[in-house]
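Residue numbering restarts at 1 for every chain, and letters A, B, ... go by the order of the sequence lines.
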Amino acid sequence: MARSRPRFGIDPAQLVLHAALSALVVLSLYPMLFTLITSVKDIHQFYHNYFGLTFPFHWGNYAEAWEAIGGYITNSLIVAASAVAIIVAFATLSAYAFARFDFFAKELLFMALLALIMIPDMITLVPTFLVLRTLGFLDNLAALVAVYVSGGQAVSIFILRQFFASIPAELIDAARIDGASETQVLGRIVLPLSKSVLVTVALMNALTVWNDYIWPLVTLSDTRLWTVTLGLVGFYERFAGMAAWGPLFAGYVIASIPLILFISVSMRSFIADLTSGAVKA
Amino acid sequence: MITATRAKRSSLQRRGKRAALRRVNPAYVFILPTFATLFALKYYPAASAVYHSFFQWDGFTTPRFAGLANYAQLVRDDVIQISAVNIVKFIAGRSMLNLIFPLLAAKMLFHLRRRGAAYLYRVLLTAPIVIPIMVTLLLWRFIYDPYDGLLNQLLQAIGLGSLQRAWLGDFQTALYAVIGLGFPWVTGIGNAGFAFLIYLGGLQKIPREIFEAAAVDGASAARRFWRIELPMIAAQIKLILLLTIINTMESYVPVMVMTGGGPGVSSMVPGLYLYESAFAYDKFGYASAIGVAMTIVLLIVAWASNRSIKTASEVTS
């Protein structure tokens, strides 16, 4: 770091770093670039010019892809939005209780929660499926949401509890002295201070839910209810055999957009929160 | 306690149920939704899995008690042995990839002198995190496609056509193709995607004085890496290793989507075998036993690696 370096001119060591990093960037992003290029090719362009960009662009691929997976994306949006909202609501309440109250069996219950982080999903896969089947909840998006809610609690509560515990007690005591109820303290004081950590927790869970494949596979046999991961695999099996790579790759682009939008929006609020100093209280 | 109960009881009589409700510790109301869900969909199923692992059960008829028969079969089952070997290879391979490549990229970025360029590289290298995992998996399934796949086309284009093969359909390569997806491995799949950022954060926290002292002593770049940088980010390395080991052990969706465990059962992993035992062969008791065994192994591995990695980092620092 405190190496002597030429004041002007080019440092060869730095040049090597730039070259190596650029190579990594190109290699990392190349599959995405290839996807974008291929998504506007028809089958002849694909075979005639495999690597290059070809004209004209076939935007019809996107229409065809939307036809094939649009419904699944809508289902995934519904499931992900409800699951994330409920996870954050339940986890906020629990985390607040664990951070701010004393109650009987508190330590024990918290240990029970932490144990869930260590227990793999695998062990509960079959019995949870049987619970849902017994209750008649297969082919039910609400049941799928419930499964995600149970899966997202432990880590979310753990993160939120840590944050809530760091909020100065004087702030909360002052509100209580002014006669605020517990729900008012939570809604008016704690939550506004916790925006960024809530966004982080929401983002984490949204990624998990959007990417999950196994629960929809196990619980949804009605293709109209399928989520985007199931839809993509079905789409691949159907179109890859026909070498319809253009529509398939257009489908990948479409399926990525909601996640990209959500991440860029939440990142902005995350950064805005940090710069405004709201969390420094 | 007694006076409290008495006060509670008298208030019950005086002000009715509403007041009594208000006296219940609100904490219980707050944690009720969480624990109601967890009981129905986590604790009860986990207990049920342990219970049913001692039964022969197709999921429909009445379970028949089988003692330890499922576990005995587990030890003898050839597919389990193949899966166990495969998952060890998987963990070893993934740990190496997640350790070496993100660290290499983070180290290069850390030594870059131009802040603006470093920021740009960081954004570009982490961008793949936003791609849904399923898209990445299917994209790699395409890359390995025997006819139209990018890998074989590239080999053809650079005159190495003789190396072409059906990467996912070949007994020699199927497992390694799944392990090695995600080249150049700077941004991994899922949680591993954050390895690069975690290493970078670790490097940036090293006090500058240490580097200055090393420079005064004339330490070489290699020495600086082994004696300063690596020991100072031991905590980050440990975190990534633990996450990788635990996540990889549980993961089977990549195998499921890319090879289905094939060809034959050559790329089978325990999680996929559990899934198939239950949902393809209706052996719910056996599947439960696989789940219980996996949980036990996972807990032991997590405990052991936590211990051994801790001692290793204490030794080096």
> Of Tyr236(A), Phe249(A), Tyr252(A), which is the lone residue that meets ring pair (Phe, Tyr, Trp, His ring centres under 6.0 Å) with Phe142(B)?
Replying inline: Phe249(A)
Would you mind checking which part of [X] comes under 4.5 Å of any heavy atom in chain B, side chain (CB onward), backbone (N, CA, C, O), both or neither?
X         : value
Leu116(A) : side chain
Leu29(A)  : side chain
Val253(A) : neither
Leu27(A)  : both
Thr128(A) : both
Ala240(A) : neither

Taking the side chain as C-beta and beyond, is there a heavy-atom pair between [X] and [Y] under 4.5 Å?
X         : Y         : answer
Ile133(B) : Tyr213(A) : no
Tyr275(B) : Val218(A) : yes
Val186(B) : Val25(A)  : no
Met256(B) : Leu217(A) : yes
Val233(A) : Met134(B) : yes
Ile131(B) : Met32(A)  : yes

> Between the side chains of Tyr121(B) and Ser22(A), does any donor sit under 3.5 Å from an acceptor?
Replying inline: yes
